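Here is the structure we will look at.
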Amino acid sequence: MHLQKHKILFLVVLFVSLPVYAQDLANELVIAMPFGPSVKAVDPAKGYNGWYTNEAGVTETLFILDFDLNLAPWLAESYKNVTPLAWEIKLKQGVRFHDNSSFDATAVKWTFDRITDKNSPVFNKRLHGLLDIKKITVLGKHTILFETNRPNGSFLYNL
């Protein structure tokens, strides 16, 4: 009986002290952060929204890393390094956006133009530097050519 009283007293002290202990931890340690856009606008081109929307499965990229961490086409069908400064990318056909419009080379060019143009409201300085795009040319409905200012071994990965 004496041992049982100690168990009950211990449990009462434990439960009474938990809220105080939790408050102390909340003031000193952050173990998680909310997952969501980095800016108020939900445009994937703003801030780091592209990363969040891709991780959430809302958007997709031209290339991915497969399970063995090899670069693989995703929305792209294939690619060819035409010269050290030029990448020709063939896009998958039959892909549609959420509003049922076609995924094609014109849409891809528009997307990259808006994030790499210094005068664009969604200009992304980081991506502008990583991609180092000189010119984007639509070669056909599902073929696009990216030209860079300098050779860029990580160009496709950065796309």
Side-chain angles (χ1 to χ4, degrees), residues 18-19 22-159:
L18 275 177
Q23 286 173 353
D24 287 344
L25 281 181
N27 292 327
E28 296 179 22
L29 176 66
V30 176
I31 58 171
M33 63 182 259
F35 178 84
S38 58
V39 293
K40 290 181 182 178
V42 293
D43 187 336
K46 294 278 270 184
Y48 285 94
N49 285 354
W51 183 86
Y52 290 115
T53 57
N54 191 265
E55 287 296 306
V58 176
T59 59
E60 295 181 337
T61 57
L62 295 176
F63 297 91
I64 61 166
L65 292 178
D66 67 15
F67 290 113
D68 296 320
L69 298 180
N70 296 309
L71 188 70
W74 191 246
L75 288 175
E77 183 176 283
S78 63
Y79 63 92
K80 174 171 42 172
N81 193 200
V82 181
T83 72
L85 303 178
W87 297 88
E88 183 180 302
I89 300 173
K90 292 196 183 294
L91 306 172
K92 286 186 179 175
Q93 296 182 35
V95 177
R96 298 271 182 193
F97 287 104
H98 70 285
D99 64 355
N100 206 32
S101 61
S102 293
F103 167 74
D104 58 23
T106 302
V108 171
K109 180 180 179 346
W110 177 83
T111 298
F112 284 99
D113 281 346
R114 67 191 293 251
I115 59 175
T116 58
D117 177 3
K118 291 179 181 176
N119 297 316
S120 170
V122 294
F123 170 68
N124 188 312
K125 184 178 179 179
R126 184 177 146 282
L127 280 177
H128 176 73
L130 286 172
L131 296 173
D132 193 28
I133 294 173
K134 179 179 182 178
K135 183 178 177 186
I136 303 171
T137 307
V138 173
L139 299 178
K141 186 162 176 70
H142 293 96
T143 308
I144 192 163
L145 182 73
F146 288 92
E147 295 176 67
T148 59
N149 291 303
R150 291 177 292 283
N152 186 345
S154 62
F155 181 76
L156 296 178
Y157 171 79
N158 290 327
L159 281 178

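Note that the structure is predicted; figures quoted are calculated from it, not measured.
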Residue list, ring-ring contact (aromatic ring centres under 6.0 Å, His included) with Phe123, at least two apart or on another chain: His128
Residue pairs involving residues 106-120 (criterion side chain to side chain donor-acceptor pair (under 3.5 Å); sequence neighbours excluded): Asp43-Arg114, Lys109-Asp113
Donor-acceptor pairs under 3.5 angstrom involving side-chain atoms of residues 151-159: please list them, not counting sequence neighbours.
from: Asn152; atom 1: OD1; to: Ser154; atom 2: N; distance (Å): 3.2
from: Asn152; atom 1: OD1; to: Ser154; atom 2: OG; distance (Å): 3.1
from: Asn152; atom 1: OD1; to: Phe155; atom 2: N; distance (Å): 3.2
from: Asn152; atom 1: ND2; to: Leu130; atom 2: O; distance (Å): 2.8
from: Ser154; atom 1: OG; to: Asn158; atom 2: ND2; distance (Å): 3.1
from: Asn158; atom 1: ND2; to: Ser154; atom 2: O; distance (Å): 3.2

Gap separating the CH2 atom of Trp74 from the CG atom of Asp66, nearest 0.5 angstrom: 10.5 Å
Salt bridge (Lys or Arg N to Asp or Glu O under 4.0 Å) contacts touching residues 144-157 (sequence neighbours left out): Asp132-Arg150
Straight-line distance of Leu145 CG to Leu85 CG, nearest 0.5 Å: 10.5 Å
Rounded distance [0.5 Å steps], CZ in Phe63 versus OH in Tyr79: 6.5 Å
Pro84 versus Thr148, closest heavy-atom pair with distance: O-OG1, 4.5 Å
Can you give each donor-acceptor pair under 3.5 Å made by side-chain atoms of residues 134-142, sequence neighbours left out, with the distance rounded to 0.1 Å?
none

Thr61 OG1 to Leu75 CG distance, which is reported to the nearest 0.5 Å: 6.5 Å
Pairs satisfying side chain to side chain donor-acceptor pair (under 3.5 Å), at least one member in residues 80-101, at least two apart: Arg96-Ser102, Asp99-Ser101
